[in-house]
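Down below is the structure, laid out as structure tokens.
Hydrogens, waters and symmetry mates play no part in the numbers below; they use all other heavy atoms, side chains included. Both counts, for ligands and for their atoms, begin at 1 and track the order of listing.
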Amino acid sequence: MVTMAAGMSRLGTESAFQVLARAKAIEATGRSVINLGIGQPDFSTPPHIVEAGGKALRDGHHGYTAANGIPALREAVAADLHRRHGVEVDPAQVVVVPGGKVTMFFACLMFGEPGAEILYPDPGFPIYGSAIDFSGAKGVPIPLREKDGFAFQAEEVLSRITPRTRLIIINSPANPTGGVSTKAEIDKLVAGLEAHPNVAVMSDEIYSEMLYDGREHVSLLKYESLRNRLILLDGFSKTYAMTGWRLGYAVWPKDLAEPATRLAINDHSCVNAASQWAGIAALTGPRDEVNRMVAAFDQRRRVVVDELNALPGVRCVEPGGAFYAFPNVSALGIPAKRIETGLLEDAGVATIAGTSFGAQGEGFIRISYANSVENIREAMKRIRGWLDAQPKAAERSQLKQPAQ
Ligand SMILES: Cc1ncc(COP(=O)(O)O)c(C=O)c1O
């Protein structure tokens, strides 16, 4: 009998991958499943990026690269951040990694240990909590509320800081809610953090190019007072539809770029060279495909929100970014996990229970609208059919009454 380290029992998961596997298994039996579960663009990577990856292989880029990423890519990242946020970034502080997830794991390993506390959004991307727990640190949830459009309230974040707090994780635009933090709250948070100079911040800005209705992204990179303790997480999976290429990056504080690179050397040596060359093409090439994808997500967002709000017992605030809607289904009186299972098994629609993103997610489900308008409309029809077949909440509570 083998004995795993205790940390393994604390390591969580991202249930979107389990739902995806189950959806594929159902499809393999010949039944149709519409996938509104997994968070990945349904578009192909733009052709000029694919071509650059192929060319890199044909040109002989087959070996290890620098552990922190090839210099031309780190320079392209710095130039792109300057274009988007108007900030100066030293390419030496950029560490290229196989996906944004790696940055969050590294940050939690770097700061987390028994006795330490790390603040993270709830509902939030499930790997934050998982990586924090694995590190041995105590995860302290920052509740995000529907009434605030799922944006954090600076005072609530600041009030949770203790002498044990090492790291605060924030994410805007957010998974799973599509919530976008306002500049006013970010300003307040940064001002409040001046009283806590030893607390690091990891800002997950992987959806920063997916904003709607004229919203502008406020990067934490813009705040000079944070630059010596800010980890800026970004990547290529979402903006460039490159989830399978495994390419992301972070800007680390000057002193932390070396330890982050050491983690990379221990973990994966470097990102595969072809993906890195493709990444250069993504950052330096034409942007019309990116704009086209964002416009398509925006159109779907409107459809999904209208359709969800027309369903009985469902209400949905308008998401400001990313490609997720997070409808409130609490009026149905059915636990979120049961809704997820019922929709998948009975109605052929993959969604994710809000509870997969934290305790605050009960009463919600996540809908990824990275699917065609036609499929979204068909999915909503199926969901309506499933809801109509459920006993009403009042009937259910009667069913639960003990017999007289
Ligand atoms: C909020 C957030 N951050 C980071 C990631 C990581 O993406 P990747 O590892 O593909 O770059 C995801 C992916 O779903 C995400 O939703």
Pair Phe364 + Phe150: ring centers closer than 6.0 Å: yes
Shortest protein heavy-atom distance from atom 1 (C) of ligand 1, along with the residue and atom involved: Asp204 OD2, 3.2 Å
Min heavy-atom dist Gly235 to ligand 1 below 4.0 Å: no
Interfacing atoms of ligand 1 (cut-off 4.0 Å, heavy-atom, Asn175): 1 (C), 15 (C), 16 (O)
Residues which pass side chain to side chain donor-acceptor pair (under 3.5 Å) with Arg292, listed by chain and number, not counting sequence neighbours: Glu289
Closest approach of any protein heavy atom to atom 6 (C) of ligand 1, naming residue and atom: Lys101 N, 3.8 Å
Worked verdict on Leu247 versus Val96 for side-chain contact (heavy atoms from CB on, under 4.5 Å): CA-CA 7 Å; Leu247 186 65; Val96 176; 3.7 Å; yes
Within reach of ligand 1, part of Tyr128 (heavy-atom separation under 4.0 Å): side chain
Polar side-chain atom of Glu117 near backbone of Arg164 as donor-acceptor pair, under 3.5 Å: no
Pair Phe297 and Tyr212, ring centroids less than 6.0 Å apart: no
Sole residue of Met380, Arg377, Gln299 in side-chain contact (heavy atoms from CB on, under 4.5 Å) with Val304: Met380
Nearest option to atom 13 (C) of ligand 1, as decided by whichever heavy atom of Met242, Lys238, Gln40 sits closest: Lys238
Identity and separation of the nearest protein heavy atom to atom 10 (O) of ligand 1: Ser237 OG, 2.6 Å
N or O contact, Gly100 vs ligand 1, cut-off under 3.5 Å: yes
Distance-only N or O hit between ligand 1 and Glu14, under 3.5 Å: no
Residues Asp187 and Tyr223: side-chain donor-acceptor under 3.5 angstrom: yes
Pairwise side-chain contact, Pro121 with Ile170, heavy-atom cut-off 4.5 Å (strictly under): no
Arg10 (side chain) donor-acceptor with Phe134 (main chain) under 3.5 angstrom: yes
Protein contact to atom 7 (O) of ligand 1 [nearest heavy atom, distance to 0.1 Å]: Ile206 CD1, 3.8 Å
Nearest candidate to atom 9 (O) of ligand 1, where distance is taken over non-hydrogen atoms, out of Arg246, Met104, Glu205: Arg246
Structural part of Tyr207 in contact with ligand 1, heavy atom criterion under 4.0 angstrom: side chain
Atom 12 (C) of ligand 1 [closest protein heavy-atom partner, distance rounded to 0.1 Å]: Phe125 CZ, 3.6 Å
Distance-only N or O hit between ligand 1 and Asn171, under 3.5 Å: no
